[in-house]
Amino acid sequence: MSIYLDSSATTAPRPEVIELVTEILTSGWGNPSSLHSWGERGAMALEKARWQVADLINASSPNSIIFTSGGTESDNLAIFGITSLCNTPQHIIISSVEHSAIERPVQFLEKQGWHITRLPVNREGRVNPHDLQKALLPNTVLVSIIYGQSEVGTIQPIKKLVEVTKKHSQALFHTDAVQMVGRLPVDVEVLQVDLLSLSGHKFYGIQGSGALYVKQGVKLNSLLYGGGQENNLRSGTQGIPAIASLGLASSLAQKDMESEAMRLRELKNYFIELILTKCPYLTLTGDLFHRLPHHASFLINLPQEGITGRKIVRDLSLKGIGISAGSACSSGKTLPSPVLLAMGYSEKEAIKGIRFSFDRNTTKSDLDFTINTLTILLDREIGGEN
Ligand SMILES: Cc1ncc(COP(=O)(O)O)c(C=O)c1O
């Protein structure tokens, strides 16, 4: 048995994507900056992908798309690209449930003297726009709020948060939309964000592909200096196979987004309802309604300290099922998930999170099998048999 339920971590590239990448690696590998025909072919693939990504997020100009190596780099470029324009440390606002690709760069800035506000979230992981309004200061240069939370699936009211930011400050607005783009419609014109991060391997492109959307007119510094590629914002020869995979994945996502989001939402609702009935000691984490369509996450409400999310991940893996846990491990000790702590869970609870995330290959019978396996496993744990 082999059931992969970890698509929030990464997805298997679509067959069409593998075909395209193979073709590029075989005959389209020219450096897009070269002037000969090999280079021209690379440049054509690059610009096609830029249009495809721009189209997916409704960016008015393909020049707004800066290709990067993925979500982490896009987030870092947004944070450091903006803050490095300031001569002295200023103020940034993020949420308390950001991915580490935002939280860690901001921690670095904090050490350099920047003032950071981490907005609180409610028990479902949502930011309150009033809290953002209160936190804005005259020297706030950037607000960065995650769009779809990777660990608990909660979707933030980004449009409203941008409105509040623009109404009450001069700050730029960035969103980490890595879990949203390719899964649900994301329209940068409607949202009015200044910067937006996305990552190709989260929606069937290949790993090492990503982009930062930069609204026309928004200025930022590059993190890499060299040949001046990507409009001087990301020097280095572009990785055409990865970028083309992102382009094609964007077009394909756009084509079946509505039907696939609906199919996944139905699967997710079915899964949540059934698992909570069969395993009454699980509770849903995150927001039931404002939720990524492919995402179901839970807390294991059992007092036994040994029953951690990581243990369940390992046990299910032995049965051929791939899921993930929010908590990390340091020196052999399971650390509580910062996201669950921010949502008000205790340290003891915050090591007991598990996440199931579905993709285009997930079927109802995969979910039935997973629920049965998990039920048997947890019942055994409660009974003390291992
Ligand atoms: C919300 C979010 N942001 C950023 C990242 C990092 O993206 P990448 O793996 O492409 O660097 C991830 C990956 O899990 C993510 O879920």
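Worth saying up front: this structure is predicted, and the values here are computed from it rather than measured. For ligands, and for the atoms within them, numbers begin at 1 and follow the listed sequence.
- For the pair R123 and Y345, the cation-pi criterion (under 6.0 Å, within 45° of the ring axis) is fulfilled.
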| Passes side-chain hydrogen bond (donor to acceptor under 3.5 Å, both in side chains), E151 versus S297? Steps please. | CA-CA 7 Å; E151 199 180 315; S297 56; over 6 Å; no
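- Near K202, meaning under 4.0 Å from any of its heavy atoms, are these atoms of ligand 1: 12 (C), 13 (C), 14 (O).
- Distance from atom 3 (N) of ligand 1 to its nearest protein heavy atom, with residue and atom name: D176 OD2, 2.6 Å.
- In this structure, the side chains of V121 and Q149 stay at 4.5 Å or more apart for every pair of heavy atoms.
- Annotation for ligand 1: atoms under 4.0 Å from non-hydrogen atoms of I146 are 1 (C).
- In this structure, the protein non-hydrogen atom closest to atom 16 (O) of ligand 1 is Q179 NE2, 2.8 Å.
- Assignment of E73 to the shell around ligand 1 is not supported, since no heavy atom sits closer than 4.0 Å.
- The hydrophobic cluster containing L318 does not contain I371, counting ILVMFWY residues as joined when their side-chain heavy atoms lie under 4.5 angstrom apart, directly or transitively.
- Hydrophobic clustering (ILVMFWY, side-chain heavy atoms < 4.5 Å, transitive): V152 and L264 are in distinct clusters.
- More than 12 heavy-atom neighbours from other residues, nucleotides or ligands sit within 6.0 angstrom of OH on Y225.
- Closest to atom 11 (O) of ligand 1, if we only count protein heavy atoms, is T72 OG1, 2.6 Å.
- Nearest protein neighbour of atom 10 (O) of ligand 1, counting heavy atoms only, is S199 OG, 2.7 Å.
- Interface atoms of ligand 1 facing G70, defined by a heavy-atom separation under 4.0 Å, are 10 (O).
- Scanning the protein for heavy atoms near atom 12 (C) of ligand 1, the closest one is H99 NE2, 3.3 Å.
- At least one N or O atom of G71, backbone or side chain, sits closer than 3.5 Å to an N or O atom of ligand 1.
- Between K268 and R265, the closest side-chain pair of non-hydrogen atoms falls below 4.5 Å.
- Taking a cut-off of under 4.0 Å to the non-hydrogen atoms of H201, the atoms of ligand 1 that pass are 8 (P), 9 (O), 10 (O).
- By the 4.5 Å heavy-atom criterion applied to side chains, E163 and P129 are not counted as neighbours.
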